[in-house]
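Since the structure comes first, as structure tokens, the remarks are kept for the end.
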There are 2 protein chains.
Amino acid sequence: MIRLENINKIYGSNDVETCALKNINLNVDPGEFISIMGPSGCGKSTLLNLLGMLDNPTSGDYFFDKQCISQLPERKIANVRKKNISFIFQNYNLIDELSVLENIELPLLYQKISPRQRKIRITEVLEQMNIAHRANHMPQQLSGGQQQRVAVARALSTKPRVILADEPTGNLDSKNGDNVMELLKSLNDRGTTILMVTHSQYHAEYANRIINLFDGKIITQDANAIV
Amino acid sequence: MIRLENINKIYGSNDVETCALKNINLNVDPGEFISIMGPSGCGKSTLLNLLGMLDNPTSGDYFFDKQCISQLPERKIANVRKKNISFIFQNYNLIDELSVLENIELPLLYQKISPRQRKIRITEVLEQMNIAHRANHMPQQLSGGQQQRVAVARALSTKPRVILADEPTGNLDSKNGDNVMELLKSLNDRGTTILMVTHSQYHAEYANRIINLFDGKIITQDANAIV
Ligand SMILES: Nc1ncnc2c1ncn2[C@@H]1O[C@H](COP(=O)(O)OP(=O)(O)OP(=O)(O)O)[C@@H](O)[C@H]1O
Ligand SMILES: Nc1ncnc2c1ncn2[C@@H]1O[C@H](COP(=O)(O)OP(=O)(O)OP(=O)(O)O)[C@@H](O)[C@H]1O
Ligand SMILES: [Mg+2]
Ligand SMILES: [Mg+2]
């Protein structure tokens, strides 16, 4: 479903070149749940951004459903992304001018579902994430963990084919964190492909494959191994 | 050194009143290292903001060095805060228009130390936090964990009397996270008072006292107890 071939990503700035990803080769089958781990700064978010078509590799090819993404014009890439992929960003990326409810509703507006269906779906995720009591608040009026839970709710609401989650439990206590993991697990049981960056060995083990990054390279890929 | 008496904090917005803190009583002696734990949304950041004089309680009194802060004019409160307290914010609060080095240097500019001394101090914390190679980058060019480490470096640089740390390791892998805890521990050994919010039981135990918050109230306070 997803194939990366010889992917490299170089950031250039201030005369300093950073090789964030080096010669990445990766295959993802539909329905997989993959954890991506590695030290701070080793390239995890960069990899997720490339997988999510939010950024382009410096070299190498990206195939999604056998279609070579790197060759498509921007507008077509955006379409493929909108139809297939949902994100949980490391810094949440909530829109400050929209309420919690409006933030969650936004990706649903792009889908062909009735307003009634949309309302049902939003109510469902608000309750799953225990933030129904914050529905009309603005992001700046929420605690850090509540903001994270809104970001998760927004990604879950569209029941996407692929979820890319960048540290979805970093600011959550164990009970809320486990709740997020259970929701991701149950989505995966019903077919959603999930790639999740995490620093928690415990949460990483919800996946069926763990990929370890170090200094921009994949150093190990283990099926359900403890690394 | 720090005393909170019957502190309450109510946020009012959109016809919804949130009692974020209820009847908080707390004593902090110089040189203590206190961990504050509790579920998402229970009032930890609110408590830290009040302790850091970044916000005012709805009712109750705050004594710092036996001086009643609640009675002082804003300008005097700001002076007490600047002289005594450093912050590690849950969302880092780095200034996007300043480089890493300039962000760390900022609180040092308010101190009466020579430019040479400032340079020595900045170099020291950049190396302690393993981000010297990012000194001239802008915050948006850093990974999530690197941003967090800049926020920590900025707080450590002034060698303050009090450090208020809101989840200082939330986005860090275990090696970087333990490094931050070791640095906090060694500052505490040399007299810095530390209050730290954390979701990690493991990091919480670096402290000599653990305070548990729930729904805006302090429910237990244990000296080095596993709760
Ligand atoms: N500006 C605000 N207006 C209204 N309510 C607020 C505001 N700031 C915080 N709150 C609410 O006050 C409560 C406590 O928030 P606080 O940020 O202290 O929680 P927390 O314990 O730090 O949570 P987390 O672990 O998720 O960071 C939450 O229910 C939050 O929604
Ligand atoms: N826009 C940019 N310009 C320059 N360098 C960048 C940029 N974005 C990221 N980098 C660098 O690329 C490297 C990888 O960053 P990335 O965000 O992928 O790390 P990460 O593994 O997600 O780290 P963390 O666990 O701290 O979130 C880091 O060294 C970072 O400083
Ligand atoms: Mg990252
Ligand atoms: Mg908080």
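So you know, we letter chains A, B, ... as the sequences are listed, proteins then strands, and number each from 1. All of these numbers come straight from a predicted model, not from anything done at the bench. These values consider heavy atoms only, across backbone and side chains, with no hydrogens, waters or symmetry-generated copies.
Ranked by heavy-atom pairs shorter than 4.5 Å toward chain B, the options A:T46, A:I131, A:N130, A:L172 are led by A:L172. Note: B:E167 leads B:K175, B:E167, B:Q146, B:Q147 in heavy-atom pairs under 4.5 Å with chain A.
The neighbour count for A:K22 NZ, taken as heavy atoms of other residues, nucleotides or ligands under 6.0 Å away, is above 12.
Both the backbone and the side chain of A:N171 come within less than 4.5 Å of a heavy atom of chain B. Contact annotation for A:S143: only side-chain heavy atoms (C-beta onward) come within less than 4.5 Å of a heavy atom of chain B.
The closest side-chain heavy-atom distance from A:R3 to A:N25 is not below 4.5 Å.
Note on B:K9 versus B:D55: salt bridge recorded, some NZ/NE/NH1/NH2 to OD/OE distance being below 4.0 Å.
Residue B:R118 is tested with B:E105, B:E102, B:E124 for a salt bridge (Lys or Arg N to Asp or Glu O under 4.0 Å); the sole match is B:E105.
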